[in-house]
Structures are given as C-alpha cells and as structure tokens.
Amino acid sequence: MSNVRVAVFASGTGSNFEVMMQENLPCDIVLLVSDQAEAVVLEKAARLNVPTFTFDADDYPSKAAYEKELVEKLRAENISWIFLAGYMRLVGPALLDAFPNRIINIHPSLLPAFPGKDAIGDAFAAGVDMTGVTVHYIDEGIDTGPIIKQKEVPVLPNDTRETLQKRVQAVEYELYPEVIRKLVEEAK
Ligand code: GRF
C-alpha cells in the first residue's frame, strides 16, 4: 500500500479502471465514483473490492451542488488525485478549485483534434491517417485542458471503426498508467 490515495471517476465499462487496478502504481485507488447507477464499471469495482460512490446529477439542483458533495466525500477519504476514465460529465469550478492540477483525463484522440464523446468514430469518419491518445489536465472545457502526453496511433488502410478502437484502447492502457506513475512520483 502507498499513502497516496486516489479516486477514479467513470461512467461506462471501466476497462481503463481495470487496467489501473492491475498495474503496480505508486498510489492506491481507494474510491470509484460514478454518475451512472447501472454502469458496468461498478461491477468491476465490486469484484476488485474498491468502494464506490454513485450519484444521480438529476437529484441535485446544480452541478455546484453535486460537486460540493463530491468534494466533501473526497476530502473525507483523503484523496489527492482524481483520474477520469470515461467520466462523461464536464467538471465544474467546485471540483477544479478543490483539486488544482490534480484532475487528469484520458481521451482517445490527438487533442485538440476530435474532442467530445465519439473521438474514435469522428477520426475514422474524417479519414485521417493518424490519430492517437491524449492524457491531459482537466479544465472547464470539453477536452481542452493542458496536454501532458500524447501517443500516436496510425489508421491502417484496412481498419474498421472497431479495429481502430481496439488499437487506440490498447495504447490507452499503456499511456495512462505511464503518465500516472510519473505524475504521482514527481509529486511525492
Ligand atoms: C476511453 O476511451 C477514454 O479515453 C474515454 O472514455 C473511454 C472509457 O473507456 N475518455 P473505459 O470505460 O475505460 O472502457
């Protein structure tokens, strides 16, 4: 066990979360936060004995209101980093101000190209011959925060959207742990 406690935020299948749990990272994932009560990632967290916290944004009057509760929960858990892994919500000032330069995200394109929800599909449809993966700090925009590291993934002539997605994801599984390792070590 390390003494650096982190939370992962995810809304979907959680394959990046699962990879993080398998890696020997210099931090402990002690909380999985999700805004989707039915998300597959919650089953993975349960199987891996990671405590979860779910919330429904519709139960709160505003983003500020649910983020205030999240900040309280994260502080109570002594969380020092937040890793977004398929968390499909914009982060607002309440969380950003509480964790300056401590919230990072992985995105499946070479930002600033193809921000948004379907970066792989958009890159494939655009017919580019190179896409990739970006790990970046979070700000209030849609995938606009300062870039930490990128890795290219070529689009091959015979690629389908599905084969491209598989190769992009394989690079995500390498790049995110690599960046996490470096940032957490440097901050120690
Ligand atoms: C990943 O492609 C990540 O880049 C994006 O959301 C997806 C999450 O996938 N932000 P998973 O839930 O980790 O499988």
Side-chain angles (χ1 to χ4, degrees), residues 6-23 25 27 29-48 50-55 57 70 81-92 95-96 99 102-126 128 130-155 159-183:
V6 311
V8 173
F9 282 31
S11 310
T13 56
S15 64
N16 279 279
F17 163 72
E18 209 171 13
V19 168
M20 283 179 210
M21 291 298 297
Q22 288 161 2
E23 293 278 332
L25 297 176
C27 53
I29 298 169
V30 296
L31 185 65
L32 187 283
V33 174
S34 185
D35 62 325
Q36 299 294 326
E38 306 296 324
V40 173
V41 68
L42 292 168
E43 293 162 27
K44 292 185 171 158
R47 187 158 38 78
L48 294 163
V50 176
T52 59
F53 181 76
T54 55
F55 69 95
L70 286 176
W81 289 91
I82 299 171
F83 304 145
L84 307 186
Y87 177 65
M88 303 304 277
R89 286 185 174 275
L90 287 179
V91 175
L95 263 173
L96 287 167
F99 292 90
R102 289 300 181 110
I103 311 178
I104 63 174
N105 181 45
I106 188 154
H107 182 79
S109 76
L110 294 176
L111 291 172
F114 308 115
K117 287 187 175 165
D118 187 19
I120 298 172
D122 292 344
F124 187 71
V128 293
M130 189 65 79
T131 185
V133 174
T134 302
V135 179
H136 64 100
Y137 289 107
I138 280 292
D139 65 10
E140 282 186 68
I142 300 176
D143 305 316
T144 49
I147 290 169
I148 303 167
K149 191 154 187 186
Q150 295 184 303
K151 201 161 176 185
E152 292 182 336
V153 178
V155 183
D159 260 338
T160 60
R161 193 202 176 288
E162 289 67 36
T163 58
L164 179 61
Q165 176 163 342
K166 275 214 169 75
R167 290 205 326 288
V168 168
Q169 282 174 332
V171 171
E172 290 191 329
Y173 304 153
E174 285 172 20
L175 189 66
Y176 213 0
E178 178 191 323
V179 171
I180 287 169
R181 207 168 269 129
K182 185 160 186 289
L183 289 181

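Counting convention: from 1, in listed order, for ligands and their atoms alike.
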Taking atom types as modelled, is there a side-chain donor on Gln36 or Ser11 under 3.5 Å from an acceptor on the other?
-> no
Could you state the interatomic distance from CD1 (Ile104) to NZ (Lys149), rounded to the nearest 0.5 Å?
-> 12.5 Å
Distance-only side-chain donor-acceptor flag, His107 / Ser109, under 3.5 Å | yes
By chain and number, the residues contacting ligand 1 below 4.0 angstrom (heavy atoms only) are Thr13, Gly14, Ser15, Asn16, Gly86, Ile106, His107, Pro108, Glu172
Note: Asp159-Arg167 ion pair, threshold 4.0 Å (strictly below) | yes
Atom pair CE/CD of Met21 and Glu23 - distance to nearest 0.5 Å = 11.5 Å
Quick one: OG1 on Thr144 to CD1 on Ile138, what's the gap to the nearest 0.5 Å?
-> 8.0 Å
